[in-house]
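Convention: sequence-line order gives letters A, B, ...; per-chain numbering from 1. This one's a predicted model, so the numbers in the text were calculated from it and none came from an experiment.
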2 protein chains.
Amino acid sequence: MDDTDRRILRILQADCSAPVSEVARQVGLSASPCWKRINRLQESGVIREQVAVLEPEALGYGLTVFMSISTGEHSGEWLRNFAEFVSAMPEVQEFHRMAGEIDYMLKVVVADMKAFDAFYKRLVDTTPLTEVTSRFSMETIKQTTALPV
Amino acid sequence: MDDTDRRILRILQADCSAPVSEVARQVGLSASPCWKRINRLQESGVIREQVAVLEPEALGYGLTVFMSISTGEHSGEWLRNFAEFVSAMPEVQEFHRMAGEIDYMLKVVVADMKAFDAFYKRLVDTTPLTEVTSRFSMETIKQTTALPV
DNA sequence: ACTGAAAACCCGTTCGC
DNA sequence: GCGAACGGGTTTTCAGT
């Protein structure tokens, strides 16, 4: 993992649809060694996946919500079930177990407030949660999956 | 935007490296009409971008932090400058303007607590913030960019 | 207008150097 | 890491529905 690899990653993080030859040109390599490097980065798991990022607005997903959740239960079995249940909800884009007072943090994307209400009910009806705080995004100023390599 | 388009989007959200012919096979189309649909979805902006998603751990980014920020200032000019300054920080993966008591929400990815401290200082030194709360992720249970199309 | 088959071209991949 | 060569995928065209 040298500097050339990092430059390749920087390019692919921004756009992975470019031909290998173009990536090679940008890092000052010919196509085949560049391809080998990309391949190695994939095999070794540094590149986790290549995905299409969609425009939420274009598909009617207008509301992003961050939810802070505290649970009463903390037994291993209960937490495993909770993790599985929440992970299976397609509206959940991020799901973190947190340090400190808040147990979990969710990022949820839904069509509108009505859809969020439905999601909220589905969540709280099936699981006894001590505290749930929902914070609503008015405007997404920045949104990226790129790491500062 | 019919059901076939949505099925195509579902596939590309999970993996955009698959050949068009393979996507076509999965939705029961031949390659060229499928390619045309994908092309249209790109042109119309439904597909925003195609990116490589990297593995943070593999690159030494071990700490994810959610920050809730309230600012004292609320003048248009100040907010524009603040938005630009924060957006330019590469550690910031998400940056939302929020409704309610909290003004902004950040998702920050850094190497470790020391790196976060440096980031924190850089943030608060350059901007007068009324309140900053940092919440630390212990475990990322789910992380996706996929929308429930 | 959209589909599917075929053809041309370009890219990804593998080789020897 | 380079350059050439092979195989396959992408992209376009065209006729048919």
Over 60° means perpendicular and under 30° means parallel, so classify the ring planes of B:F82 and B:W78, tilted if in between.
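Taking B:F82 first and then B:W78, their aromatic rings lie parallel (interplane angle under 30°).
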Tell me what B:R40 touches on the nucleic acid: a base, only sugar-phosphate, or nothing, going by heavy atoms under 4.0 Å.
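No contact.
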Mind checking if B:S30 touches a base, just sugar-phosphate, or nothing, with heavy atoms under 4.0 Å?
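Base, at least one base atom sits under 4.0 Å.
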Length of the [atom1]-[atom2] vector between [X] and [N], whole Å:
{"X": "B:N39", "N": "D:dT11", "atom1": "CG", "atom2": "P", "value": "8 Å"}
{"X": "B:I38", "N": "D:dT10", "atom1": "CD1", "atom2": "P", "value": "9 Å"}
{"X": "B:L29", "N": "D:dT11", "atom1": "CG", "atom2": "C1'", "value": "16 Å"}
{"X": "B:L12", "N": "D:dT10", "atom1": "CG", "atom2": "P", "value": "11 Å"}
{"X": "B:R25", "N": "D:dG8", "atom1": "CZ", "atom2": "P", "value": "17 Å"}

Taking 4.0 angstrom as the limit, do B:D2 and B:R37 come out as a salt bridge?
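Salt bridge: yes.
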Ignoring hydrogens and angles, are the base of D:dG9 and the side chain of B:S21 linked by a donor-acceptor pair under 3.5 Å?
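Donor-acceptor pair under 3.5 Å: no.
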How about B:M138: does its CE atom have over 12 heavy atoms from other parts shown lying under 6.0 Å from it?
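No, CE of B:M138 has 12 or fewer neighbouring heavy atoms, counting only those of other groups under 6.0 Å.
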Centres of the B:F136 and B:F66 rings: under 6.0 Å?
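No - the distance between ring centres of B:F136 and B:F66 does not fall below the 6.0 Å cut-off.
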Side-chain N or O of B:W35 less than 4.0 angstrom from OP1 or OP2 on D:dT10?
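No.
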Phosphate-side-chain proximity, B:R37 and C:dC2, N/O vs OP1/OP2 below 4.0 Å:
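For B:R37, the contact criterion (side-chain N or O under 4.0 Å from OP1 or OP2 of C:dC2) is not met.
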In terms of the nearest nucleotide of DNA chain C, which residue is placed more toward the 5' end: A:K36 or A:P19?
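Nearest nucleotide further toward 5': that of A:P19.
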Could you check which of D:dG1, D:dT12, D:dG3 has an atom nearest any side-chain atom of A:P33?
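The closest nucleotide is D:dG1.
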